[in-house]
Each structure stands twice: as C-alpha cells, then as structure tokens.
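In what follows, a structure is listed as structure tokens, so that the remarks can point back to it.
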Number of protein chains: 2
Amino acid sequence: MARVVGRSVGSSAPRSADVARVAGVSRKTVSRVLNNEPYVSDEVRRRVLEAAEELGYRLNHAARALASGRNRSIGVVALGTAGYGTASLLVGIEKAVRDSGYALRVVNTADGDPEGIAGAVMSLREQGVDGIVVSEPIVEGEVSLKVDVPVLFLGAPPAFTSARTLTVGVGAYALARAATDHLLDLGHTTVHHLAGPGRWYASKDRLAGWRSALAARGAHEPPVIEGDWSPASGYAAGVELAADSSVTAVFAAGDDMAIGLIHALREAGRRVPEDISVVGFDGNPVFAHVTPPLTTVRQPFDAAAREGIRLLMHAIEEPETDLPPASEPPVELVVRGSTAPPPTRKAPARGRRTASRSRGSAHAPPAGDGPPTTD
Amino acid sequence: MARVVGRSVGSSAPRSADVARVAGVSRKTVSRVLNNEPYVSDEVRRRVLEAAEELGYRLNHAARALASGRNRSIGVVALGTAGYGTASLLVGIEKAVRDSGYALRVVNTADGDPEGIAGAVMSLREQGVDGIVVSEPIVEGEVSLKVDVPVLFLGAPPAFTSARTLTVGVGAYALARAATDHLLDLGHTTVHHLAGPGRWYASKDRLAGWRSALAARGAHEPPVIEGDWSPASGYAAGVELAADSSVTAVFAAGDDMAIGLIHALREAGRRVPEDISVVGFDGNPVFAHVTPPLTTVRQPFDAAAREGIRLLMHAIEEPETDLPPASEPPVELVVRGSTAPPPTRKAPARGRRTASRSRGSAHAPPAGDGPPTTD
DNA sequence: TTGAAAGCGCTAACAC
DNA sequence: GTGTTAGCGCTTTCAA
C-alpha cells in the first residue's frame, strides 16, 4: 500500500481538501462525489473515492449541516418506558431511519404531557433534525407549538401543527375490534374492557374499536375500567371484575395488563378461559408460554414504523410532491389459550369466522378520526 | 410586549447576531451568556437572555459543533431488540444523558457482531458524538477499531481501544451467584444453567457467577444448555431438561427464557416449583403475575446507566482528571413463587449418569472461558 | 463537466 | 468585563 499522501502523521482527521489534493481535483468535486451528484465523470469519481478510502476520510456532518441547512437526521420523541410496545416501535423506527441513511436522535418524555412533548420537540429542533417522529403521545391538552419541519405522528392524531403533518396508525381501532369480535364470536353476550389511561390516544382508539364491535352486535356496553398499562393495574382491575359474576369476557388494552388481570381472576377462583376469557393487546411472544397462553392481537410495529418513515422521508426530500398513500397494515389476531366459549351456555354455533386480516368490519374509521370517545 | 427588533417578518430563524443587536452587545458576549461562561456582568447577562427570549432565539448546534469541536451529544450502540433488558438500559441511558444536557444518538446493530459494532461506532463518530456507549455487545471476535473519543462499555468488557475506555458492569456475576446461591440455600444439591448465547459477554458473566456459586459449595456442575434469550429457546431447553429426572433446580440467564422453560417443564408433567425450581434473570415486573410467579434477580439498569454516563461525562469534560471510582450496584434477589426446596426425598436415590459429558470442574474460571456450547 | 469564491452561525484567541 | 478578528469543514452560487 503506497503512501501517497505527504504527511499524515501528527495531523488530525483528513478533510475534504486533503481528499481533493490527493485526487487532484477541487473540493467542490469531492463534495459532488460524496453526495452522489450528477455531472462527474466516472474517472474522476473513482479517483476521489480511492483517495477518500486511502486517507480514511470521514465527512464532517456538522459542517455539512451548517453549510447546507440539511442535517440528515431525524428526531424521535418517545415515552421513557421499557414496555414491549414502546420499545418495539422505537426499534422499528431506528431501523427504518438508518435504512434511509439518516441519523436518529432520541428524546424521551417521562409522561407524555403537553409540556414534556413540547420541550422534547423544541430540543430536537434545536439539534437541527430534518424531521420529527412523535410516537404514541397522549392526546389530552393542547401542545401549542409550531414546528418548521415535517412531523410524523405514529399511532396518534396530530397534537400540534408543523410544516407538514403526517399520520400513520398502527390499526389499533381495527385490532381492538377484531379482539372483541373474537370474543363475541365465541358466544359471549358482551365483553368488558380494561382500557389504558384515558389521556392516551392509544387508549381511546382501542376503546372505540371495542365499542364499535359491541354496537355492531347490539351487545350491552359494560362500564369501562381504566388501567395504566402496568400489570399491577391489570391485577387491580381483575380483583374488581372477579367480584362481578356476570363477567365472562374481557378485552385488555395491553398484554401486561391482561396478565395481571388473569392473575387476579384466578386468585379469586375464576378460571381462565373456562369461566372468563381474556384477550390482550400487543403481541409480546413471551405470553405464548404462560398459563394460560394469552390470546392477543399483534401490533404491526415494524410495518407502521417503516411506512411512517417512508412518508416522512418523502416529505423531507420532496416537499412539493403529494405523498403516496399509506397502506393499512393487516390485522393479526393471535388465538391462544386464554379465550373459550362462555361457561354454562351451550357452545355457540361453529360459525367461527374470526376477523383475521382484512379490515374485518363494516366501517373502520382510520386513525385520526375521532370515533365516539367517552372518557 | 414591545417589538424592539426592526424586522422579523420574512426572515428566518434569528441568529446570535440578532440577539446581540437587540441586547446591544457583541456576538461573543451572547455566546458567553449562552454557555454560562464567567466574566459577564449580571446586568448584561439579563439583557441578553431577555433579548433571546423575545426573539425566540435557538442556538444552532451544528454551527457550535463546527466552531468548537465539541458536539454535546453522545452516541449509543444498542441491540435492535425490544427485550425488557435492552430497552430498560436504553431508557436509563437516555435519561442520564439528557440530564447531563447532552443529546443522544442511537444506532442499533441487528446482531452484535464485530462488523456491525464497528460500523455503528464509525457512523457515530462521523456524526460527531463526543462519547460513545456500547451497551451489551458480544464479546467474540476482535473489533479492530480505534476511536478518538471516550467509550463506555456498559455491562461488558472493552471490545476495542479508544481515547479513554470506561467499563461499568451491571453486577451480572454477583447476581448470577445470588440466584444460584438462593437455589442451593433451598437445599438443592446442584443447579442447572440455561445460558444465553455463548458469544454474548452477558452470557459468560452469568455463567461464571453460576459456576462459582456451585464451586463454592462443592456442588456438581451439570452441563450447560444454551439458549438465545427467546422464550422459545427456553421452551426447547425445558423439553430437554424435563427428560432428566435428576434436575431439581434451574437458573435461566433471562426471564423470558425462564418462562419458556417453565412452560415446557409443566407441559411435561413436572411441577414448578414442587418438582423443579426455576430462577430467572432481569426483573421484568410482569412475571410477578404469571403462574408460578417468577423468582428472579433484578438488574440495576438505571443505576448502571447513571453511573456509566457520569463516568463518561467526566472523561469528556475533564480528560485530565482521574475518574471517581464506580460504586457497585446492590444485588437484588426477588423471591417469588417459582422456587422451593427440592422435592420430598430423604436420600437422593438417583445415579446421576444422565448426561455425563459435563466437565465437572471444581473451580470457577473467570468469564472469557468458553463454556461447552450446545446450540 | 469542473472550479473559485463566498459564506453557513458559531466559538477561539487575543486584544482592549 | 467586553469586543475584534479569524476561522471550523462543508456546500453553495456562479463562472468557466
């Protein structure tokens, strides 16, 4: 390996000027090659790449950002929790962003309150991100904020205005509806609902799906119990529900809550699924191994993240163009052992047409539209 | 609210020069105030802050980074998985970094192989981070890399050299030992081990802790079974272990694997904990609600992250000074329902010649020694 | 198809 | 205590 460059000893990292010198071209040409711009002869391109390689040249992102105004990085506002859902979404976002050649900056908000979100967004903007992803924030309260870059709301409706506002749902409404329909199909006369915190949009969406499934069958709508996503809150709800002998089916808005719920139910002497059926929400694979294995609906984290980032990238790089339409992820119901036909009653007709894939129901309003929420 | 600034209409974001003009000072003084440098009169400081506030001024990080060479951001190389452990560590890191006033950049590696880690680290360096956190990488293979910023290895030994290499453990060795001791204390003559992938340092550390606990009591060391952290791999191990009637206690290197393991055990007719005791590793709270509730050891994710970032910040901001010593996090054993004394028996009426390809060594080699892998 | 000059917004070093 | 003068390393005009 011939040492072509004069001195590279005491000096620090090579700059584009060094590459230019070694390749025998101008700095601008180096820049062209590095940015894959047209109008560079193959010969020159090759020489530049070779020189960069030889020098171990690494482009300085800060300088590029300063000069161009574009940072090639996107920021994500996430919840500071290690839950399966949140973590899965973050992993999916990271991968999609990296595949796009962008860098990822993360800011968590302890609890997704408006101030927290606003602060996180401002901090991200200050860091110079080209786009922002707000993942599963709360919906309550107004975030008064105006951001000058595109913002993607993943699994939630827009909470503030931005240069370009995008929304990609995770199909929570349809998933909740499928979960409830599954229970109804089994022959349960109605389904109780253990919801997430009322302030979360994710809660409202699931609640709405459950409600619509009930309404479609003319089933009675029992009062909603509210948890906080934690297994402990599921347990507390279970204690409450176990005392009500009319309960035969429960749809919990989260797997962890469902597990806590089942725990309390069984402790109170109610068998699952013989006496009471339980469906969770998320799709954490570990719950295939508990007793009873948890029936649940799988959230399309990866697909939603990929789709969302695709839209965001488009909005960043081609602000003028109209965005290609978002494809709705499929509904995936995972039937395991925590659901069964209701007790006493004779087994229902075998017409078990589980709402799998396909939007499954008469009308499923897309996320962002406010289906009748109570709260 | 008096509009002091001349025109702010069509123009874009205000710069430090605008603030300087409004406050009637020089740009450098604005810079001083914004960086909390000394030698600025309170009066001037107040005026500058006021002007900045009024203009809605936001400092441009890219420009600062370019000018100063410091980026006020740290990068983390994580595993692209949504597991409880990984996610908890990341959340802890994010919080600690944010509290230090730094920004966080994240790059995941699909599987922590040397190339993946090297690529992630280079990408982070290119992005101009001031420090890097490598969280739970694999240990096998050499990462040939020289980084010019401090690197913190969290829960793993240094995998490559850097300007300043820091290491903070999560006490895995002590935790594994505590888990095994708990089983031994219960009266089990020995404890089997379901390990993580051999390439992971986390696996080796836990393995070593288990091994040392056994050795300290002179207990026989059964062959190690290797999983991949997934509940499915735990299940597979359980099928295998259930066939061996001499097994009365198992220490699994992860909660999820423990759950899969218990599943298989019970399916094979072995009761937990009556016939076989199982201890997990991590501390995911949801497993307090399964049947049986999982006994486990809790990893001090937050404490480790906080301590690690503290060290890293110190290395970044005061490279000369010696680092304050790291405090070891406490060992936390969470005893729940999956462990009990061994089954009622007066004498261990069993010839242990089931799977006798154990090495049966009486000493505990430190991590780094490769355990007999099965795969 | 390539190059020369002029900054991007900030901080560093040195004056005053 | 405060201001002045130069850049940081890259991309952008615009010209050749």
Side-chain angles (χ1 to χ4, degrees), chain A residues 8 11-49 51-52 55-73 103 125-130 148 317, chain B residues 8 11-49 51-52 55-73 103 125-130 148 317:
Chain A
S8 70
S11 77
S12 52
R15 296 156 314 186
S16 76
D18 298 319
V19 177
R21 188 165 29 73
V22 171
V25 298
S26 75
R27 271 157 64 209
K28 174 57 199 169
T29 298
V30 172
S31 169
R32 283 201 182 90
V33 172
L34 265 27
N35 289 295
N36 272 314
E37 281 171 31
Y39 304 126
V40 182
S41 71
D42 288 353
E43 159 61 11
V44 167
R45 186 178 297 276
R46 195 186 49 68
R47 281 219 316 272
V48 169
L49 258 17
L55 292 170
Y57 171 74
R58 308 250 97 195
L59 185 149
N60 180 323
H61 283 223
R64 163 192 276 182
L66 181 56
S68 71
R70 280 148 65 271
N71 286 269
R72 296 202 141 267
S73 83
R125 264 313 286 151
E126 193 170 321
Q127 288 174 44
V129 298
D130 301 308
D148 55 350
E317 301 187 335
Chain B
S8 70
S11 76
S12 52
R15 296 157 316 190
S16 73
D18 297 320
V19 177
R21 187 161 32 72
V22 171
V25 299
S26 74
R27 269 156 67 211
K28 177 58 199 168
T29 298
V30 172
S31 170
R32 284 202 181 89
V33 172
L34 264 27
N35 289 294
N36 271 314
E37 280 171 29
Y39 305 124
V40 182
S41 72
D42 289 352
E43 159 62 9
V44 167
R45 185 179 297 276
R46 196 186 50 68
R47 282 219 315 272
V48 169
L49 257 17
L55 292 170
Y57 171 75
R58 308 251 97 195
L59 185 149
N60 180 324
H61 282 223
R64 162 192 276 181
L66 181 56
S68 70
R70 279 148 68 271
N71 285 268
R72 297 202 139 266
S73 84
R125 262 315 284 150
E126 195 169 319
Q127 288 173 46
V129 297
D130 301 307
D148 56 351
E317 302 186 335

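A note on names: the letters A, B, ... follow the listed sequences, proteins ahead of strands, and every chain is numbered from 1.
Nucleotide D/dG9 holds its P atom 12 Å from the CZ atom of B/Arg125, rounded to whole Å. Summarising the geometry, the separation between CD on B/Glu37 and C1' on D/dT2 is reported as 12 Å, rounded to the nearest angstrom. Regarding B/Arg21, its CZ atom lies at a distance of 13 Å from the P atom of C/dG9, rounded to whole Å. Between B/Asn71 atom CG and D/dG9 atom C1' there is a gap of 13 Å when expressed in whole angstrom units. When the P atom of C/dG7 is taken as reference, atom CZ of B/Arg15 falls 12 Å away, rounded to whole Å. When the P atom of D/dT11 is taken as reference, atom CZ of A/Arg70 falls 9 Å away, rounded to whole Å.
Using a 4.0 Å cutoff on non-hydrogen atoms, the parts of residues 60-69 of chain B near DNA chain D are B/Leu66, B/Ala67, ordered by number.
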What are the atom names and distances for every N/O pair under 3.5 Å that joins the protein to nucleotides 1-5 of chain C?
unit_1 : atom_1 : unit_2  : atom_2 : d
C/dT2  : OP1    : A/Ser41 : OG     : 3.0
C/dT2  : OP2    : A/Ser41 : N      : 2.7
C/dT2  : O4     : A/Arg32 : NH2    : 3.4
C/dG3  : OP2    : A/Ser26 : N      : 3.0
C/dG3  : OP2    : A/Ser26 : OG     : 3.1
C/dG3  : OP2    : A/Thr29 : OG1    : 2.6
C/dG3  : O6     : A/Arg32 : NH2    : 2.8

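B/Ala52 is linked by a side chain to side chain contact (heavy atoms under 4.5 Å, CB included) to B/Val19, B/Tyr57, counting only residues two or more places apart in sequence or in another chain. Residues passing the side chain to side chain contact (heavy atoms under 4.5 Å, CB included) test with B/Ala63, sequence neighbours excluded: A/Leu66, B/Asn60. Not counting sequence neighbours, the partners of B/Ser73 by the side chain to side chain contact (heavy atoms under 4.5 Å, CB included) test are B/Asn71, B/Ala103, B/Arg105, B/Val129. Residues satisfying the salt bridge (Lys or Arg N to Asp or Glu O under 4.0 Å) criterion with A/Arg46, sequence neighbours excluded, are A/Glu43, A/Glu50. With sequence neighbours left out, B/Arg64 forms a salt bridge (Lys or Arg N to Asp or Glu O under 4.0 Å) with no residue at all. Take B/Arg58 and apply the side chain to side chain contact (heavy atoms under 4.5 Å, CB included) test, not counting sequence neighbours, and it matches A/Met122, A/Glu126. Applying the side chain to side chain donor-acceptor pair (under 3.5 Å) rule to A/Arg125 yields the partners A/Asp148; only residues at least two apart in sequence or on another chain are considered. Residues passing the salt bridge (Lys or Arg N to Asp or Glu O under 4.0 Å) test with A/Arg32, sequence neighbours excluded: none. Taking the salt bridge (Lys or Arg N to Asp or Glu O under 4.0 Å) definition, one finds that A/Glu317 meets it with nothing, sequence neighbours left out.
Nearest heavy-atom pair across B/Val48 and B/Ala23 is CA-CB, 3.9 Å.
A distance of 7.0 Å separates CZ in A/Arg45 from CG in A/Asp42, rounded to the nearest 0.5 Å.
For the OP1/OP2 pair of C/dG9 and a distance below 4.0 Å, the side-chain nitrogens and oxygens of B/Ser16 include no atom meeting the criterion.
A stem is defined here as three or more consecutive Watson-Crick or G-U pairs, each with both distances under 3.5 Å; for DNA chain D these stems are C:1-11 with D:6-16, C:13-16 with D:1-4.
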